[in-house]
Amino acid sequence: MSENAPEYLDFIKDAVAKDVAEGKTKAVRTRFPPEPNGWLHIGHAKAIFVDFGVAEYFKGECNLRFDDTNPEKEDISYVEAIKRDLRWLGYDWADREFYASDYYETLYELARKLIRMGLAYVDDLDEDEIRAYRGTNVPDKNNITYTPPGKNSPWRERSVEENLDLFAKMRAGKFADGAKTLRAKIDMGHPNLLMRDPVMYRIRREPHYRTGTAWCIYPMYDFQHPLSDAIEGVTHSLCSLEYEIHRPLYNWFIEHCEVFPSRQIEFARLNLTRTVLSKRLLIQLVRDKKVAGWDDPRMPTIAGLRRRGYSPEAIRDFLGRIGIAKTDSMVDIQLLEHCVRENLNKKASRHMAVLRPLKLVIDNWPKGQVEFLEAVNNPEDPAAGTRKIPFTGELFIENEDFRELPPPKYFRLFPGNQVRLRYAYIITCTGFDKDPVSGEITAVRCSYDPATRGGDAPDNRKVKGTIHWVSAEQAVDFEARLYDHLFAVDRPMDVAPGTSFLENFNPQSLEILSGAKGEPALACVEAGTCVQFERLGYFCADKSVLNADEDSKPGALVFNRTVGLRDTWAKIEKKG
RNA sequence: UCCCCGGUUGUGUAAUGGUAGCACAGCAGACUCUGGAUCUGUUUGUGGGGGUUCGAAUCCUCCCUGGGGAACCA
């Protein structure tokens, strides 16, 4: 699973290795803790790669734990989706599938333990009062904000007995939602605001997707997470940078609850150019109908990438290359694209397809004759074999492979020029038909050289251009969906204040071509399979996880462009 | 304001006091029945000042700069 693993240790493995060497850790155990409130995306994949990767490197185990302590947002459907994507990515958690919600009773007892130790108390302050007492930023007389020390809650010094009694009543539903909280008694003057008596439990009469109405109090992340780790014997709790400031609190709960000490280590989350990786923003794209859904092939979700044609190997290769560090970074999406190309180049079988068909007529071709020409399925993999493709006197070629007036360095078809039809014959362009009204070129005319069958030139003459084609009569029709980056700029979030990132949405992120033509073999490509259309790019027969009846199938073929081939010509043309 | 964490070519990431390397991108060339693939070559970097040291990306210090935090979310 760690193909392309670098030979050096990243800073996390380095730290874990030291813990092992010093005997602090015997068997390494990590965990991947998704909250079941959304779909997994490539950013999560990095976390998965780190969590499972570190465990694997030290021959330990990584648990899957659903961090489900907020009943308002979570749902079983997300659990299923997360497990599906995790498996697809190639990860296995065996029987170690856990839920923080299974720990509610233990967590409750640990909270009582803290109360008995005089380290937790029931507070009657409401939400706004808690914020005010905490000492959130306030503007002073010069309108400069500052952070004053917090003030103790008037309920902070309740007796252990009273706290125990009130906490039991909270659980029993004797109080209204939000009327009381259980708080850790730490230090209202602490410079780290999170240490100013954080809330451990809140009252919320919201049915939970797993525990139903059994509980009306729910534990908060800061209290629950370190203890869930402890319950599972997690030795290293790896998370993103934003939790760095939570670490003192994480350690405080471990120390005072006197439980198994897990070590939290933080690393930078993934950012990718020309897309967004935040659940909130992704939801907005779906809600505003900018994309067709969570598994729209433009989405950076695992399901979106899969539908786009990305393979798990390509994604893992990418994750291995970007490295792990504490620097906030913005990875160029071209690296991801490089990884798919490299992966698909090795395994995708080649086909010929024409996206924007232009009729090509071979005037000296024997009328009605059909020949079957041999084509290799994958030049990178001889074992993939060959296939026969029908060839006739009426073909479709790519519209952009013909120019009435060729620009400099253009070596495809133009009047008088020779090109090779891939695997077929060398032809010479003799002219073209033009609609006198619209000025549109309706057909290109040429003659073929019978001595060049298969595409070889017996006289060794140099033919610079080779273009792809499809025999008109035998062609299968399909719909091509050409996908491009979701956003037209590298950093979609960089917008003027008051404007939305949606301003940067790329209107050309999807182009649908309904009249595409392909060689007959395309009719049998199964939904979900990726192929290369020669000279065009990698395409994946559409397959959605949501509605199977929309899948690509014979008679209704749909191919999604995963990524185009490297296009040197486009660069030349751009430079002029 | 306060607290925490960062700054190595265009973008990521190594070098753990001892020759600043790798990948992607870029550029140039070779080869090619995909303007693909492959191969070769190549441009660009330690945020700044001071200090310690024979020697500093690395240690100290000040400054600059970026990110994060101040939810009864995770």
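Residue numbering restarts at 1 for every chain, and letters A, B, ... go by the order of the sequence lines.
- For B:A15, the base has no donor-acceptor partner in the side chain of A:Tyr8 [N/O atoms by modelled type, under 3.5 angstrom].
- Evaluation of the salt bridge (Lys or Arg N to Asp or Glu O under 4.0 Å) rule for A:Glu72 yields A:Arg204 as partners, not counting sequence neighbours.
- Partners of A:Arg210 by side chain to side chain donor-acceptor pair (under 3.5 Å), not counting sequence neighbours, listed by chain and number: A:Ser101, A:Asp102.
- Residue A:Asp177 is out of contact with every strand shown, counting any heavy-atom pair closer than 4.0 Å.
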Which pairs of donor and acceptor atoms, one on a side chain in residues 379-386 of chain A, lie under 3.5 Å apart (sequence neighbours left out)?
| residue | atom | partner | partner atom | Å |
| --- | --- | --- | --- | --- |
| A:Asp381 | OD1 | A:Ala383 | N | 3.3 |
| A:Thr386 | OG1 | A:Glu374 | OE2 | 3.0 |

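- A donor atom on one side chain and an acceptor atom on the other are found under 3.5 Å apart for A:Asp67 and A:Gln224.
- Nucleotide B:C3 holds its C1' atom 10 Å from the CG atom of A:Leu194, rounded to whole Å.
- For the segment residues 215-231 of chain A, residues with any heavy atom less than 4.0 angstrom from an atom of RNA chain B are, sorted by number, A:Pro219, A:Met220, A:Tyr221.
- OP1 or OP2 of B:G26 sits under 4.0 Å from a side-chain N or O of A:Lys571.
- With A:His468 as the fixed residue, the side chain to side chain donor-acceptor pair (under 3.5 Å) test singles out one of A:Glu534, A:Glu519, A:Arg535: A:Arg535.
- Side-chain N/O atoms of A:Arg202 include one lying less than 4.0 angstrom from OP1 or OP2 on B:C73.
- Closest approach to the A:Asn192 side chain among B:C3, B:G12, B:C4 is made by B:C3 (side chain taken as heavy atoms from C-beta onward).
- Atom CZ in A:Arg403 sits about 13 Å away from atom C1' in B:G35, given to the nearest Å.
- OP1 or OP2 of B:C24 sits under 4.0 Å from a side-chain N or O of A:His338.
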I'd like a list of close polar pairs between nucleotides 36-39 of chain B and the protein, N/O only, cut-off under 3.5 Å.
| residue | atom | partner | partner atom | Å |
| --- | --- | --- | --- | --- |
| B:G36 | OP1 | A:Thr568 | OG1 | 2.4 |
| B:G36 | N2 | A:Glu380 | OE2 | 2.9 |
| B:A37 | OP2 | A:Arg566 | NH1 | 2.7 |
| B:A37 | O2' | A:Asn345 | ND2 | 3.3 |
| B:A37 | O2' | A:Glu380 | OE1 | 3.3 |
| B:A37 | O2' | A:Glu380 | OE2 | 3.1 |

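- Taking only side-chain nitrogens and oxygens, A:Arg280 never comes nearer than 4.0 Å to OP1 or OP2 of B:A74.
- Listed pair A:Thr69 / B:A74 meets the phosphate criterion, a side-chain N or O lying under 4.0 Å from OP1 or OP2.
- In this model, the phosphate group of B:U11 is not approached by any side-chain N or O of A:Arg321 to a distance below 4.0 Å at OP1 or OP2.
- Distance from the side chain of A:Asp126 is smallest for B:C72 among the nucleotides B:C72, B:A74, B:U8.
- Stacking of A:Arg171 on the aromatic ring of A:Tyr108 is recorded, both the 6.0 Å distance cut-off and the 45° axial limit being met.
- Every stem involving RNA chain B, taken as at least 3 paired positions in a row under the Watson-Crick or G-U wobble test at 3.5 Å, is listed here: B:2-7 with B:64-69, B:10-13 with B:21-24, B:26-30 with B:38-42, B:47-51 with B:59-63.
- In this structure, a donor-acceptor pair under 3.5 Å is absent between the side chains of A:Asn417 and A:Tyr410.
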